[in-house]
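Report on the following structure.
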Amino acid sequence: MGIIILYNPDIKNVLKNISKFIDHIDHLIIWQNSSCEGLEKMVGEYSNKLTIMGNKNNQGIAYPLNVATNRIKESSSFTHLLTMDQDSEWQNFDSFIDTVSLLDNHSIYSPNINNENNDCTTNTKKVNDCITSGALFSKYALDKINGFNEVYSVDCVDYDFSYKATANGINIYKICNARMVQTYGAPQISKYFGIKSNVYSAQRSYFIVRNHMLLWKDHNKYLSSRFKINILKHYIFVRIVKIIMMEDHKIKKISSIIRGLFDGLMNNRSKKYT
């Protein structure tokens with residue numbers, strides 16, 4: 001079973017992305033976290049494989065993932081859960097499935113995203129974590145871990161699950177020859193020096209920072225020094241510089257980052273992304 005979570009999507013682009021993997025899975029949940037005008041009319045050719053869910057309000061990522069997880073646990077028909085982002089585009093999903101079919105049924109598998117893993121010496125590389133986009137979770141892993149963390153809601157849901165999996169002896173593998181293109185945020189290039197930035201709203205900026213700080217608290221021993229430096233550097237300091245240089249709503253976004261940092265350090269888990 002697969003699930004793809006939509007939020008203000010380009011429906012034509014989503015259907016193009018779905019077409020790259022739909023023939024290789026048994027069923028797909030399309031979850032609407034916003035109004036998706038024209039969706040039901042445009043999915044006609046795939047309708048026998050689809051279930052459209054969600055109340056068109058933003059319920060985050062963890063909640064719909066848990067709905068799909070519970071369906072798999074209650075069914076004897078499915079062995080894995082494929083989790084997809086609306087902006088994820090597979091290049092060769094068949095190679096991914098062919099490789100996974102030769103491996104064990106207890107692990108978590110992830111593709112080579114944006115060619116980030118170009119240092120592979122073998123096709124299968126053991127890693128510490130993976131993002132949900134393009135990830136394939138075995139039913140064994142889903143049974144072993146008590147769901148996706150709805151306190152995190154959106155950001156770091158995947159890393160939290162990864163570290164819980166590692167703590168329970170579940171391996172995570174990158175399939176190096178399985179390639180997927182992933183777009184993060186809303187890419188923008190500054191007119192000054194050609195600097196690139198992935199633009200997020202003030203609300204999302206808050207949760208990116210807060211949740212990474214909570215992740216640091218929850219899974220300190222699994223986070224590498226490099227990962228911790230990246231949290232401080234890219235999600236706080238560099239992000240603030242880029243907001244000042246090239247984004248709108250500067251004060252609101254910077255204030256959200258500072259509040260996210262404070263709430264994360266103070267272990268404030270009360271706010272949810274809705």
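A quick note: this is a predicted structure, and the numbers were derived from the prediction, not measured.
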* Asked: Salt bridge between K253 and D248, side-chain N to carboxylate O under 4.0 Å?
  -> yes
* Asked: Just wondering, are more than 12 heavy atoms of other shown residues or ligands nearer than 6.0 Å to OH in Y235?
  -> no
* Heavy atoms, side chains only, cut-off 4.5 Å: are N168 and I145 in contact? -> yes
* Asked: Between D98 and S95, does any side-chain donor sit less than 3.5 Å from a side-chain acceptor?
  -> no
* Start with the C-alpha distance between K16 and D10, add both sets of side-chain angles, then the distance that settles salt bridge (charged side-chain N to carboxylate O under 4.0 Å, His left out), and finish with yes or no. => CA-CA 10 Å; K16 182 190 75 170; D10 178 333; over 6 Å; no
* Do the charged groups of D218 and R269 touch, with an N to O distance under 4.0 Å? -> yes
* **Salt bridge D155-R204, side-chain N to carboxylate O under 4.0 Å** => yes
* To do: Check the surroundings of atom CG in L102: do more than 12 heavy atoms from other residues, nucleotides or ligands lie under 6.0 Å from it?
  => yes
* So, K126 and N171: side-chain donor and acceptor under 3.5 Å apart, yes or no? -> yes
* Run the numbers on D143 and K139 for salt bridge (charged side-chain N to carboxylate O under 4.0 Å, His left out), then give the verdict. => CA-CA 6 Å; D143 284 335; K139 189 172 184 177; 5.7 Å; no
* Asked: Got a sec, which residues hit salt bridge (charged side-chain N to carboxylate O under 4.0 Å, His left out) with K20, two or more places apart in sequence or on another chain?
  -> E89
* side-chain hydrogen bond (donor to acceptor under 3.5 Å, both in side chains) partner of D129, the single match among Y222, Y163, Y159 -> Y163
* **Between F148 and F137, ring centroids under 6.0 Å** => yes
* To do: With sequence neighbours left out, write down each residue that passes disulfide (SG to SG under 2.5 Å) with C176, or none if nothing qualifies.
  => C120
* Output yes when K271 and D263 qualify as a salt bridge under the 4.0 Å nitrogen-oxygen rule, no when they do not. => yes
